[in-house]
Participant: 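Quick one: the structure is below, questions incoming.
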Amino acid sequence: MGKSSLLNALLGRRIARVSATPGKTRALNVFEIPGPTPPHCYFLDLPGYGYARASKADRTAFAGIVRHVLHRPRLAGVVWLLDIRHDPSEGDRSMQDLLAGAGTRVLAAATKGDKLSLAQRREREAALRNALALDEDQVVVTSVRTGLGLPELRESIAALARGGEP
């Protein structure tokens with residue numbers, strides 16, 4: 001379960017198309033999310049960099065989209081999906097550099113939390129925080145399958161959208 005599945009689970013409705021094959025998102029998808037505070041919020045679903053089977057030219061284009069989005073003046077922050085079961089990849093490190101360079105506020109959704117025991121989740125969450133220099137309140141362990149962490153992630157995203165800390 002990837003980005004689109006998480007987006008659908010967060011909103012409680014199917015707005016993003018889900019594929020069984022990772023890396024299917026090939027373009028910037030924009031979803032308008034109506035709400036009382038702020039009046040409207042937009043989720044930008046970007047191509048993934050981790051498991052996308054893409055050519056070098058496509059990966060360069062994806063990176064260009066990401067850099068463009070990170071420099072948008074109205075960007076409230078980024079929800080960065082990381083598989084809790086794995087150490088940060090080279091792509092994760094590159095993304096960390098891009099986010100830090102742009103001064104972007106980051107909220108990390110550590111996905112697939114249901115695949116680990118509680119003790120393993122705590123250990124892996126701490127390892128991700130340390131490896132990527134993230135504060136405790138910047139990481140939310142989630143599972144689309146069980147709903148783990150989804151309410152907390154919704155609250156943190158709302159705080160980002162309002163201009164507060166995650």
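The figures here come from the full heavy-atom set of this structure, side chains too, leaving out hydrogens, waters and symmetry mates.
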Participant: Among side-chain atoms of S89 and D92, is any donor-acceptor pair under 3.5 angstrom?
Facilitator: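 Yes - a donor-acceptor pair under 3.5 Å links their side chains.
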Participant: Do R93 and L98 have side chains that approach each other closer than 4.5 Å (heavy atoms only, starting at C-beta)?
Facilitator: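 No, too far: nothing below the 4.5 Å cut-off.
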Participant: With heavy-atom distances below 4.5 Å as the criterion, would you say the side chains of L116 and V141 are in contact?
Facilitator: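 No - every pair of side-chain heavy atoms lies 4.5 Å or more apart.
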Participant: Can you find a heavy atom in the side chain of L150 that is under 4.5 Å from one in the side chain of L6?
Facilitator: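 In contact.
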Participant: Measure the spacing between CG of L99 and CG of L132 and express it to the nearest 0.5 Å.
Facilitator: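 Rounded to the nearest 0.5 Å, the CG-CG separation comes to 10.0 Å.
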Participant: Checking side chain to side chain contact (heavy atoms under 4.5 Å, CB included) for the pair V79/I157: CA distance, chi angles, key distance, verdict?
Facilitator: CA-CA 8 Å; V79 179; I157 291 170; 3.7 Å; yes
Participant: Between CD of E152 and CG of L107, what distance do you get to the nearest 0.5 Å?
Facilitator: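 The CD atom of E152 sits 11.5 Å away from the CG atom of L107.
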Participant: How long is the span from the CG atom in L75 to the CZ atom in R105, to the nearest 0.5 Å?
Facilitator: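 The distance works out to 8.5 Å.
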Participant: Within a reach of under 6.0 Å around CZ of R85, are more than 12 heavy atoms found that belong to other residues, nucleotides or ligands?
Facilitator: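 Correct, the count exceeds 12.
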Participant: Measure the spacing between CZ of R124 and CG of D87 and express it to the nearest 0.5 Å.
Facilitator: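 CG of D87 is found 4.5 Å from CZ of R124.
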Participant: Is V30 linked to I65 within one hydrophobic cluster, defined over Ile, Leu, Val, Met, Phe, Trp and Tyr using a side-chain heavy-atom separation of less than 4.5 Å?
Facilitator: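 Looking at the clustering, I65 is in the same group as V30.
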Participant: About how many Å separate OG1 of T111 and CG of L148, when rounded to the nearest 0.5 Å?
Facilitator: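 If we round to the nearest 0.5 Å, L148:CG and T111:OG1 are 11.0 Å apart.
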Participant: Going from CG on L81 to NZ on K112, what distance comes out if it is rounded to the nearest 0.5 angstrom?
Facilitator: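 Going from the CG atom of L81 to the NZ atom of K112 covers 9.0 Å.
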